[in-house]
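What follows is one structure encoded as structure tokens, with my remarks underneath.
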Amino acid sequence: MANILIRFLVPSLLEVEISITLALVLIAILFLLENNNRKNSLPLNQSREIVPLDDKIQRNFSIEESQETSYVIKLEILAAKYLIGANLNGTSEPYAIIKCGEQKRFSSLVPSLRNPLWGEEFLFFVNSLPVQIYLTIYDWDTVGKCKLLGTVVLPVAKAGQSGAIWHEFDTKSGQVCLQVSSFRLLNSNSLLTDLAGFKSRKNMLSENKNTTVAHHQPGPLQSIFRLPFDEDVYHSYSCAIESSILYHGRMYISSWHLCFHSKFFYKQLKVIIPFEDIDEIKRSQHSFVNPAISIILYAGANGLGAPPLCNRNGRVRYKFTSFWNRNHSFRALQDALTRYRAMLQAEKKVKMQSLTNIDQLTRVVRRNEEKGTNKKFFQPFINQDILVDSVDETFPCTAEQFFCMFLSDNSNFLMEHRYSRNGTELKINNWSPSEEHGGQIRKFTFKSPCNSPLCPPYTAVTELQHITLSADKGTLLYETVQQAHDVPFGSYFEIHCRWCLRTKSESSCQMVIKIGVHMKKWCILQSKIKSGATEEYKKEVNQMLEEARAHLFKEDNSEKRFALGSENHETYQNR
């Protein structure tokens with residue numbers, strides 16, 4: 001009986017070996033699972049992610065606490081052409097990733113096109129120039145890796161604006177049309193604090209610098225999206241994001257961000273949408289039986305991690321569907337956005353109260369300066385922010401001579417120029433003083449031929465002209481605003497032009513001409529309108545300059561012939 005009890009209580013050598021082996025196998029399995037979780041929690045640029053994300057995912061984090069933003073760069077991605085057909089049927093689904101330093105933007109996804117049209121613009125905040133902007137275009141793939149279609153490195157050396165320029169890809173065939181404008185901020189701190197969420201976010205981080213976070217367990221926002229420890233999940237829902245297919249995953253809502261994570265085979269999607277970029281949250285429909293929620297962002301704003309969908313009015317959007325309770329999720333999102341905006345409004349009130357005394361003091365100083373100098377301020381005649389350099393050269397006459405020969409009431413140069421371009425019904429008024437803009441203004445109306453198949457043979461054009469000649473007659477400023485009435489979207493835009501002539505010598509002046517298209521209303525074809533109208537008006541300006549040079553050459557020859565004839569006549573009389 002004792003032997004049986006000993007055998008039952010004391011394990012045999014074989015049982016001990018089996019137990020040790022199973023324990024080692026279990027430890028190995030747990031070790032592999034832990035490594036896999038750590039790998040999944042790494043930033044996407046260290047794992048199998050198609051679209052890499054930075055550790056600092058929000059654009060406001062790209063500016064350190066001790067730095068000040070001095071420049072704003074606006075990049076407009078207009079279109080692309082001759083892209084590689086990445087799919088089997090020869091098409092592609094391109095989207096662009098634009099990176100400037102640690103700031104990153106994502107364009108919308110344009111399905112099944114090798115010549116996509118975007119017309120989207122993105123803002124970057126930098127401390128100094130020059131900088132380089134890296135633009136990479138990918139083809140979206142549902143399961144595997146997104147294929148690289150081309151890369152462009154765009155240097156921004158100084159403040160100013162460039163026209164719509166086609167850039168060749170570095171390694172792939174294809175071109176992309178980009179337009180870049182940059183300007184320096186007069187008060188960078190005030191602009192940054194006006195950015196939604198920036199000041200609040202910085203305050204929270206500065207307050208939490210000295211707090212102990214050792215016992216704070218990282219949640220999904222930290223382990224998956226690499227967000228700071230001060231962000232907690234308020235709500236989470238199982239849902240899907242609409243792209244080329246439905247990617248099922250989970251949505252997380254915090255006080256600052258809307259996040260979504262999905263893992264489909266080897267493809268991960270990590271979408272991060274700051275509440276500061278959200279313009280509207282509304283109910284929508286994915287299919288007849290699948291209600292959805294659409295997140296519409298402000299113009300120029302994009303979420304991070306996956307290309308969004310393009311909306312009809314140019315703004316991008318994300319669509320989430322397959323909720324267990326769509327209405328409950330919608331109310332939670334609305335409440336989170338309302339709380340975020342209420343917090344910003346409260347901070348703005350505090351800021352405005354602190355700046356009231358400074359604003360009042362500034363106004364008093366300006367009034368005293370205006371009273372002391374008796375200087376009158378005029379309204380600008382054109383929008384100078386949209387102007388692009390077109391001509392910068394030396395012209396063979398002075399500024400005063402240019403006005404007398406080509407722009408004065410006694411000159412027929414503009415009428416002859418329009419006649420040479422087959423213009424009809426020309427009518428030009430005389431110059432009259434302008435109390436609003438200073439200098440003198442006049443109106444020029446005519447009908448110009450139109451070669452576009454969408455336009456009538458002739459289109460009516462109204463051109464308002466403004467001119468200012470300095471007291472010493474050494475500087476001439478000539479500005480025009482031109483609008484076509486019978487072309488498609490003619491009431492949506494104006495062509496602004498600025499001529500600046502400064503006399504350098506008795507027979508020459510420095511001429512600088514700038515051209516731009518001012519959009520009075522938004523339309524879906526505004527990028528094409530801007531580029532097309534700018535190029536057409538540049539051709540007209542160049543033709544006008546050629547005719548002006550020919551006119552000067554003709555006048556010089558006639559004066560020389562007259563002088564030579566007078567000299568011969570005087571010699572004959574002496575004989």
>> For Phe275 together with Trp256, are the ring centres under 6.0 Å from each other?
In response: no
> Hey, mind stepping through Glu120 and Ser107 against side chain to side chain donor-acceptor pair (under 3.5 Å) and telling me if it holds?
Replying inline: CA-CA 7 Å; Glu120 298 175 1; Ser107 76; 4.7 Å; no
> Got a sec: does the NZ of Lys538 have more than 12 other heavy atoms crowding it under 6.0 Å?
Replying inline: yes
> Going from NZ on Lys514 to OG on Ser390, what distance comes out if it is rounded to the nearest 0.5 angstrom?
Replying inline: 11.0 Å
>> Return the CD to OG1 distance between Glu494 and Thr462, rounded to the nearest 0.5 Å.
In response: 10.0 Å
> Partners of Tyr237 by ring pair (Phe, Tyr, Trp, His ring centres under 6.0 Å), sequence neighbours excluded?
Replying inline: His328
>> When you compare the side chain of Met251 with that of Val271, does any pair of heavy atoms fall below 4.5 Å?
In response: no
> Under the side-chain contact (heavy atoms from CB on, under 4.5 Å) criterion, do Leu117 and Lys528 qualify, and how do the steps go?
Replying inline: CA-CA 9 Å; Leu117 296 175; Lys528 277 194 168 184; 4.1 Å; yes
> Could you walk me through whether Asn327 and Asn325 pass the side-chain contact (heavy atoms from CB on, under 4.5 Å) check?
Replying inline: CA-CA 6 Å; Asn327 293 334; Asn325 189 337; 3.9 Å; yes
>> Applying the side-chain contact (heavy atoms from CB on, under 4.5 Å) criterion to Lys263, which one of His248, Gln268, Lys270 satisfies it?
In response: Gln268
Side chains of residues 155-169: which donor-acceptor pairs under 3.5 Å do they make with residues two or more places apart or in other chains?
{"residue": "Ser162", "atom": "OG", "partner": "Val180", "partner atom": "N", "Å": "3.2"}
{"residue": "Ser162", "atom": "OG", "partner": "Val180", "partner atom": "O", "Å": "3.2"}
{"residue": "Glu168", "atom": "OE2", "partner": "Gln175", "partner atom": "NE2", "Å": "2.4"}

> Parallel, tilted or perpendicular for Phe225 and Tyr252, by the 30°/60° rule?
Replying inline: perpendicular
> CD of Glu276 to CZ of Arg341: how many Å apart, nearest 0.5 Å?
Replying inline: 11.5 Å
>> List the residues meeting ring pair (Phe, Tyr, Trp, His ring centres under 6.0 Å) with Phe320, not counting sequence neighbours, and say none if there are none.
In response: Phe260
> How long is the span from the CE atom in Met519 to the CD1 atom in Ile529, to the nearest 0.5 Å?
Replying inline: 4.5 Å
